[in-house]
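Comments concern the structure below.
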Protein chains: 2
Amino acid sequence: MEHAGAATESPVRFDTEPARYVHWRLEVEPPLARLVMEVKEDRALRGDTPLKLNSYDLGVDLELADAVQRLRFEHPEVRAVVVTSGRDRVFCSGANIYMLGSSTHSFKVNFCKYTNETRLSIEDASAHSGLKFLAAVNGACAGGGYELALACDEILLVDDASSAVSLPEVSLLGVLPGTGGLTRVVDKRKVRRDLADVFSSLGEGVKGKRAVQWGLVDETVPLSKFAARVPERAQALATKSAEKAGPGIRLAPLGGAYTDEGVEHEYVSLRVDAADRVAHLTVRGPEAGEPAAAADMRARGSELWALRAFRELDDALLDLRFNRPEIGVVIVQTRGDAGRVLAVDAALEAARDDWFVNEVRHHMKRVLKRLDLTARTFLAVIDKGSCFAGSLFELALAADRSYMLAADEGPTIALSAMSLGTLPMSNGLSRLATRFLRGLPEGVAPGRAYDAADALAAGLVTFAPDDIDWEDEVRLAVEERASLSPDALTGMEANLRFPGPETMETKIFGRLSVWQNWIFQRPNAVGEKGALTLYGKPERARFNWTRT
Amino acid sequence: MEHAGAATESPVRFDTEPARYVHWRLEVEPPLARLVMEVKEDRALRGDTPLKLNSYDLGVDLELADAVQRLRFEHPEVRAVVVTSGRDRVFCSGANIYMLGSSTHSFKVNFCKYTNETRLSIEDASAHSGLKFLAAVNGACAGGGYELALACDEILLVDDASSAVSLPEVSLLGVLPGTGGLTRVVDKRKVRRDLADVFSSLGEGVKGKRAVQWGLVDETVPLSKFAARVPERAQALATKSAEKAGPGIRLAPLGGAYTDEGVEHEYVSLRVDAADRVAHLTVRGPEAGEPAAAADMRARGSELWALRAFRELDDALLDLRFNRPEIGVVIVQTRGDAGRVLAVDAALEAARDDWFVNEVRHHMKRVLKRLDLTARTFLAVIDKGSCFAGSLFELALAADRSYMLAADEGPTIALSAMSLGTLPMSNGLSRLATRFLRGLPEGVAPGRAYDAADALAAGLVTFAPDDIDWEDEVRLAVEERASLSPDALTGMEANLRFPGPETMETKIFGRLSVWQNWIFQRPNAVGEKGALTLYGKPERARFNWTRT
């Protein structure tokens, strides 16, 4: 069933920087910046499908994700970003269909997940960094192109009698606008659901005043006034945010070592055991001497443990998702001094009003969300030498289960102020609140160390085997888990990890994306005569008309 | 891909009554009732798969749905219901796997949707009719069996050293507990997500005290004390609800006429045009002489328009779902006098404290929810002779779009008090509030009639073509819609119909069920070597290990 397409050819690397961008230009002119999309047709990440009409693949999107990240860390002087196209008459025509059509199911799903995370990172920057985004739609804006615009705070559409915003996926491809499009139209922009229905089933989209009336864009101006109007609106957006005390902090390349056996970073290792389909993910805590004052943290820059370790973790998670598709179980471990982790957390809490510290904290949050959304089983193994404390205990809380060794001189765990809401999940709750939906039990609080018995009694870990049972119990858990249907596990985990409230963010991953995953399996889309398969060919799709 | 299994053989009829039940006994002993499941192995709805070990198929579930409905209408004197098994050592072993394995994808999905609606109807009865449910689990309680127990207010488990509650779907079948199981474990019972993970991947389940400690059941008692404890707990549940002034209202058989061309009821017609894959659903408003006082409404009983018309609508929707799988577009029309509909609504509002009127109102709500959840396109066509007012205007609000004729002496629409929250969707909001998520516009209120121009200006209809364009515009909309991928439409509608908040109910349909639908398409479950396919055979499932 899974056809190995171009997508499985070579590993994907996510670490990049503006000087290496192929498809985007980042132009900074404080308080504004411009992110200009100009996709190089012949520079697809994989294969030789030309990326026509500013259509994107993963290589394009990872540059965008990097650019948003760098704006937050490296350019605190920027308060509004214009997202636009460097091409005439086309803003962006969305994800490249031929790339999608030739990719494996697993790649399709992971590609969409990643692009969704990138869109959400734009909204996160707006909400938490005062970095406002204006989509300056200077031409056709279709599918994923409009979904990119939807992730921005405002959308300005050129009124040139031809440029429209559209979601042609349903009508042209037999799939959904799966990068948040359907959700954002009704939940973010609050377009009336019947108008959204018309819009989303209309290949040609909506332009001009009607697009404004329906709420699909915020303003439309004639081409002759467009160039002048863009900076006006961007400046107005910029005034909504407070100035920050620069200078920015350069994000140094991570420089990991990638092999068939895994990924080695300074603080994070991912070691894979391909035969057992198990990986070991180890995060090492800070060394002595981590700075505590905001100015000192800024001076440390991207070498700051809290920033570097979580950037490395992010990279390892993406490597796992894209380059190690058969790994089913990830054993999560930590190594280091719990006290130092707690000191880092305390420093990050105390200096939370500093813009850089704020960025570090939100970055940690986003990386942990990436873990929550990674479709592999995570088992936290809390053994001797570990440092599951505070922000690193989030790894255990994010895991599907945790095993803690009960032994003399055994490991302890601890909460910190950061456990209580600094690092919310996509559902808006802390992992602790999500774990204890009935309310935090008595005795669950920062400020103390829990040994295995205490942690078990408090409900902070799942199991606490003693020395005698430890190895067998962990080994059996891993073996049993790795033997189960990977699809059933993906579905189970996606349901159990997100109890409690739903947000626009969880709706995108929990409702929209899952319908898209379903459609991506359906013969009406991906079969021999499916609409996605036949896109661009003279033959028309042939549907099985049964409604499901 | 779609193999026509036993499930497509003969049409399903949903109208039943206790005297005709095959698999359940309804025993009434006020203030208690007992619903006793004793599935007849040789009485499967279709095919000859024996329904062993109190496993169920659609025929079993539709009797349960009927019983819950009848308890509400026919037995107001009952305030607590014991759900139990008539078999020794087995409570219920869930949906019959061979039935599922041999069904088409479309049937599987619709079967699960229906059983989910039945579970939700139990919770609705508890919340709104003071009818509390006790699951008296007197033996093995697996999969859908435990999901049935989860729908009850309380679960009492026998402690006999063997009886366990379990969700073995993931481990044994490579699918999910898709009848709300995963959602209710963490969201209703608020079981810790790591314990839920252990429980849901453990074939043998959890029994005795551990089941209580984990929150999976409320109490466990030894077999010797079980028979005495059940009525004790049920009586305690009954005291939580107020007494109602009986007597009950008998629900007369609907007696519809079912043909290849459609369904004919007194107030509801469904006429199908198989060649165009279009159906016409027409609801006729009340005649003159509908009673307004509660006592008179009770005297009218199940002939009351508001009850009968919505029961017929429910039946037509189920017929559409199960017996007309290729119908893609449903044109919704009404015929009658808008003033009479508004008078009915006013009477139902004024007498809302009457138990029977309360039941009628909640029944209308449930039927409209069924429409929201029906995976077909609904286009409301508001033409001359129609009566889209108040509760019947909900049909237009539930539709994906509405077309209203703009003409002299043309139709009008109207809201009523019932438009404002009496008939909430699964998301907890009224259809009006869901439509206007930004807030109700000025001038949108009950108490006036809107002609097409007014309705369009107020945002209450999607389009208002005039006489000249009317026929073409409606025809084109239907044709265009019917030409699109049925899968993409299902996914699109499921996203656009539910903007705004999510509830446990929407999570079941929007997250859990969709993951299940996805898994139901995956070779790891339904392929030749899939776990569902090979269940009960000596051969073990062979998985493609790629994680998605």
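Lettering follows sequence order; numbering is per chain, from 1.
- Listed here is the closest heavy atom pair of B:Asn544 and A:Pro486: O-CG, 3.3 Å.
- Contact count versus chain B (heavy atoms, under 4.5 Å) is highest, among A:Pro177, A:Gly459, A:Gly181, for A:Gly459.
- Counting heavy-atom pairs under 4.5 Å between each of A:Ile327, A:Thr183, A:Val170, A:Val185 and chain B puts A:Val170 at the top.
- Only the side chain of B:Glu493 comes within contact range of chain A, with heavy atoms under 4.5 Å apart.
- Using a 4.5 Å cut-off between heavy atoms, A:Thr377 touches chain B through backbone and side chain atoms alike.
- Of the listed residues (B:Leu496, B:Asp487, B:Asp187), the one with the most heavy-atom contacts under 4.5 Å to chain A is B:Asp487.
- For A:Leu484, the parts sitting under 4.5 Å from any heavy atom of chain B are the backbone and the side chain alike.
- Using a 4.5 Å cut-off between heavy atoms, B:Ala531 makes no contact with chain A at all.
- Most heavy-atom pairs under 4.5 Å with chain B, from the set A:Val198, A:Val175, A:Leu195: that is A:Val198.
- With a 4.5 Å cut-off on non-hydrogen atoms, A:Leu397 touches chain B through its backbone but not through its side chain.
- Expressed to the nearest 0.5 Å, how far CZ of A:Phe520 lies from OG1 of B:Thr548 amounts to 12.0 Å.
- Looking at A:Val461, the atoms closer than 4.5 Å to chain B (heavy atoms on both sides) all sit in the backbone: N, CA, C or O.
- Highest contact tally toward chain B, considering only A:Asp194, A:Thr462, A:Val186, is held by A:Asp194 [criterion: heavy-atom pairs under 4.5 Å].
- In this structure a side-chain-to-backbone donor-acceptor pair under 3.5 Å is present from A:Arg511 to B:Ala494.
- Ranked by heavy-atom pairs shorter than 4.5 Å toward chain A, the options B:Asn495, B:Thr503, B:Val109 are led by B:Asn495.
- Heavy-atom distances place no part of A:Arg540 under 4.5 Å from chain B, backbone and side chain included.
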request  = Show the numbers, then the answer: is there a side-chain contact (heavy atoms from CB on, under 4.5 Å) between A:Arg481 and B:Ser201?
outcome  = CA-CA 8 Å; A:Arg481 190 70 162 205; B:Ser201 48; 3.5 Å; yes

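- The main-chain N or O of B:Ala398 is found under 3.5 Å from a side-chain atom of A:Arg193 such that the two form a donor-acceptor pair.
- Contact count against chain A (heavy-atom pairs under 4.5 Å) is highest for B:Arg192 among B:Arg192, B:Arg438, B:Arg497, B:Gln516.
- For a residue to count as touching a neighbouring chain, one of its non-hydrogen atoms must lie under 4.5 Å from one of that chain's; by this rule A:Arg376 touches chain B with backbone and side chain alike.
- For chain B, no part of A:Leu173 is nearby; none of its heavy atoms comes within less than 4.5 Å.
- Interface remark: A:Val514 contributes backbone and side-chain atoms alike to the contact with chain B (heavy atom separation under 4.5 Å).
- A:Lys507 touches chain B through its side chain: at least one heavy atom from C-beta onward sits under 4.5 Å away, while N, CA, C and O do not.
- Contacts between B:Ile519 and chain A at a heavy-atom distance below 4.5 Å involve the side chain alone, from C-beta outward.
- Qualifying salt bridge (Lys or Arg N to Asp or Glu O under 4.0 Å) partners for B:Glu326, counting only residues two or more places apart in sequence or in other chains: none.
- Contacts between B:Arg189 and chain A at a heavy-atom distance below 4.5 Å involve the backbone alone (N, CA, C, O).
- Contacts with chain A were tallied for B:Pro499, B:Ser483, B:Ala196; B:Pro499 has the most, counting heavy-atom pairs under 4.5 Å.
- Contact detail for B:Asn110 and A:Arg547: the closest heavy-atom pair is ND2-O, 4.4 Å.
- For A:Ala482, the part lying under 4.5 angstrom from a heavy atom of chain B is the backbone only.
- Looking at A:Thr506, the atoms closer than 4.5 Å to chain B (heavy atoms on both sides) sit in the backbone and in the side chain alike.
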message = Please determine whether side-chain contact (heavy atoms from CB on, under 4.5 Å) holds for the pair B:Trp515 and A:Thr490, giving the CA-CA distance in whole Å, both sets of side-chain angles, and the decisive distance to 0.1 Å.
response = CA-CA 9 Å; B:Trp515 276 112; A:Thr490 290; 3.6 Å; yes

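- Scanning all heavy atoms of the two residues, the minimum distance from B:Gly174 to A:Ser485 falls at CA-CB, 3.8 Å.
- Of all the listed residues (B:Arg321, B:Met504, B:Met492), the one sharing the greatest number of non-hydrogen pairs under 4.5 Å with chain A is B:Met492.
- Heavy atoms closer than 4.5 Å to chain A are found in the backbone of B:Ala399, but not in its side chain.
- When each of B:Asn524, B:Thr434, B:Asp400 is scored by its heavy-atom pairs under 4.5 Å with chain A, the top score falls to B:Asp400.
- Both the backbone and the side chain of A:Phe498 come within contact range of chain B, each with at least one heavy atom under 4.5 Å from a heavy atom of that chain.
- Below 30°, between 30° and 60°, or above 60°: for B:His105 and A:Trp518 the angle between ring planes is below 30°, a parallel geometry.
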